[in-house]
Participant: 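Have a look at this one.
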Amino acid sequence: MLKDFLSLIYPPVCASCEGILMHNENLICTHCLYRLPKTNYHYLQDNPVARLFWGRADIAAAAAMFTFSKGGKIQHLIHQLKYRNQKEIGKILGHFYGNELKQTDLFKDINMVVPVPLHLEKIKKRGYNQSSLFAEGIAKSMQIECSEKIIFRNTFSETQTRKSRYKRWQNVETIFETKNNFLAKGKHILIVDDVVTTGSTLEACAQTLLKIPNTTVSIAAIAFAAL
């Protein structure tokens with residue numbers, strides 16, 4: 001009753017377009033969910049995200065859910081997720097993407113999801129890891145394990161936003177380490193992140209996980225931002 005009353009005064013709005021949500025909609029309106037710029041890269045072995053890792057890391061498959069454009073709805077959504085405490089956005093997007101991934105030949109045999117870890121100092125500042133929320137949604141919809149016990153970030157690296165591809169790689173080359181390797185041995189791991197641009201962070205993360213015996217690695221992100 002109180003919730004209905006409050007919704008009359010402060011109607012919930014879509015995190016993407018800021019239009020008023022219907023009663024059966026949650027955070028993102030149906031119009032946006034089906035009209036956001038999907039890539040469909042998860043159906044293609046050869047796609048722009050996968051090409052980022054050719055000759056750099058032995059990735060089984062790589063994809064991103066959406067195309068990122070400056071000032072677009074995806075940037076707005078990710079901003080809400082990362083900086084406005086809209087945690088459910090990550091879980092909802094992960095749930096939708098997980099449902100799509102499990103129906104493809106490239107991703108259907110994934111059996112563990114691992115988010116790109118943040119350094120503890122950044123988690124303390126933000127309060128959460130946005131990639132963990134996306135990973136949680138994917139794992140739940142694919143009915144597989146999500147683990148943050150295998151890889152960690154050992155140093156606090158600088159922001160990557162204004163760095164060249166080479167500088168980005170230098171910034172993250174040795175920042176990841178593994179632990180509890182027995183949990184990942186023999187698994188096909190899906191590493192997930194919010195945005196992939198040059199792929200440097202994901203490459204470093206993948207290279208670290210691939211040191212674990214009999215491990216296969218694939219990659220998925222919320223969005224791909226081409227330079």
Side-chain angles (χ1 to χ4, degrees), residues 42 45 49-50 52-65 87 90-91 93-95 97-157 160 168-196 198-222:
H42 49 289
Q45 185 83 55
V49 176
L52 291 175
F53 304 98
W54 287 359
R56 297 167 59 187
D58 187 15
I59 303 300
M65 190 176 186
K87 300 177 185 178
K91 295 178 184 179
L93 293 179
H95 183 81
Y97 206 33
N99 278 334
E100 294 191 5
L101 294 178
K102 69 184 180 183
Q103 298 177 51
T104 69
D105 290 336
L106 294 175
F107 294 91
K108 65 183 181 182
D109 67 340
I110 299 287
N111 45 33
M112 177 180 283
V113 185
V114 172
V116 170
L118 290 180
H119 191 269
L120 287 175
E121 290 302 314
K122 187 166 283 189
I123 290 178
K124 286 178 184 177
K125 183 178 180 181
R126 185 174 297 164
Y128 56 93
N129 179 356
Q130 71 279 357
S131 296
S132 297
L133 301 168
F134 185 53
E136 183 182 330
I138 289 176
K140 187 173 182 179
S141 62
M142 294 184 77
Q143 297 182 316
I144 57 177
E145 179 182 5
C146 180
S147 179
E148 297 185 70
K149 299 177 180 179
I150 296 166
I151 191 164
F152 66 98
R153 195 178 291 239
N154 56 32
T155 57
F156 187 87
S157 57
Q160 301 275 70
R168 286 177 186 233
W169 168 246
Q170 283 187 315
N171 195 38
V172 299
E173 184 179 5
T174 60
I175 66 172
F176 296 112
E177 292 183 33
T178 59
K179 55 185 177 180
N180 302 315
N181 289 9
F182 67 94
L183 295 174
K185 188 175 180 180
K187 296 288 181 69
H188 185 170
I189 297 173
L190 181 69
I191 308 173
V192 304
D193 206 357
D194 53 355
V195 180
V196 54
T198 66
S200 296
T201 301
L202 283 160
E203 177 188 351
C205 193
Q207 293 283 28
T208 303
L209 286 172
L210 285 167
K211 294 175 183 177
I212 301 173
N214 302 315
T215 300
T216 304
V217 169
S218 289
I219 284 169
I222 295 175

Participant: Parallel, tilted or perpendicular, judged at 30° and 60°: which one describes the rings of Tyr97 and His42?
Facilitator: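 Perpendicular: the ring planes of Tyr97 and His42 meet at over 60°.
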Participant: Taking side-chain hydrogen bond (donor to acceptor under 3.5 Å, both in side chains) as the definition, give me every residue that meets it alongside Glu136, ordered by chain and number, with sequence neighbours left out.
Facilitator: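 Listed in chain order: nothing, the list is empty.
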Participant: Got a second to check how far Ile151's CD1 is from Leu183's CG, nearest 0.5 Å?
Facilitator: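 Reported to 0.5 Å precision, the distance equals 13.0 Å.
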Participant: Is the closest side-chain heavy-atom distance between Thr201 and Arg153 below 4.5 Å?
Facilitator: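 They are in contact (side-chain heavy atoms under 4.5 Å apart), so the answer is yes.
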Participant: Under the rule for ring-ring contact (aromatic ring centres under 6.0 Å, His included), what residues qualify as partners of Phe107, not counting sequence neighbours?
Facilitator: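 For Phe107, no residue satisfies ring-ring contact (aromatic ring centres under 6.0 Å, His included) once neighbours in sequence are set aside.
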Participant: What distance do Phe134 atom CZ and Lys91 atom NZ have between them, rounded to the nearest 0.5 Å?
Facilitator: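 Result: 14.0 Å between the selected atoms.
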Participant: Mind checking salt bridge (charged side-chain N to carboxylate O under 4.0 Å, His left out) for Asp194 and listing every partner two or more places apart, or none if nothing turns up?
Facilitator: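 Checked Asp194 against salt bridge (charged side-chain N to carboxylate O under 4.0 Å, His left out); matches are Lys82.
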Participant: Within the supplied structure, the quantity of interest is the number of heavy atoms (other residues, nucleotides, ligands) at a distance under 6.0 Å from Lys102 NZ; does it exceed 12?
Facilitator: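 Counting neighbours around NZ of Lys102, more than 12 heavy atoms of other residues, nucleotides or ligands fall under 6.0 Å, so yes.
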Participant: Hey, does Val116 have a side-chain heavy atom less than 4.5 Å from the side chain of Leu202?
Facilitator: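 Side-chain contact under 4.5 Å: yes.
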Participant: Exactly one of Cys146, Ser218, Pro115 should register a side-chain contact (heavy atoms from CB on, under 4.5 Å) with Leu190. Which one does?
Facilitator: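 Passing option: Ser218.
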Participant: Between Arg126 and Leu118, is any pair of side-chain heavy atoms under 4.5 Å apart?
Facilitator: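 A side-chain contact under 4.5 Å exists here.
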Participant: Any side-chain heavy-atom pair from Leu101 and Ile110 closer than 4.5 angstrom?
Facilitator: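 Contact flag for Leu101/Ile110 side chains = no.
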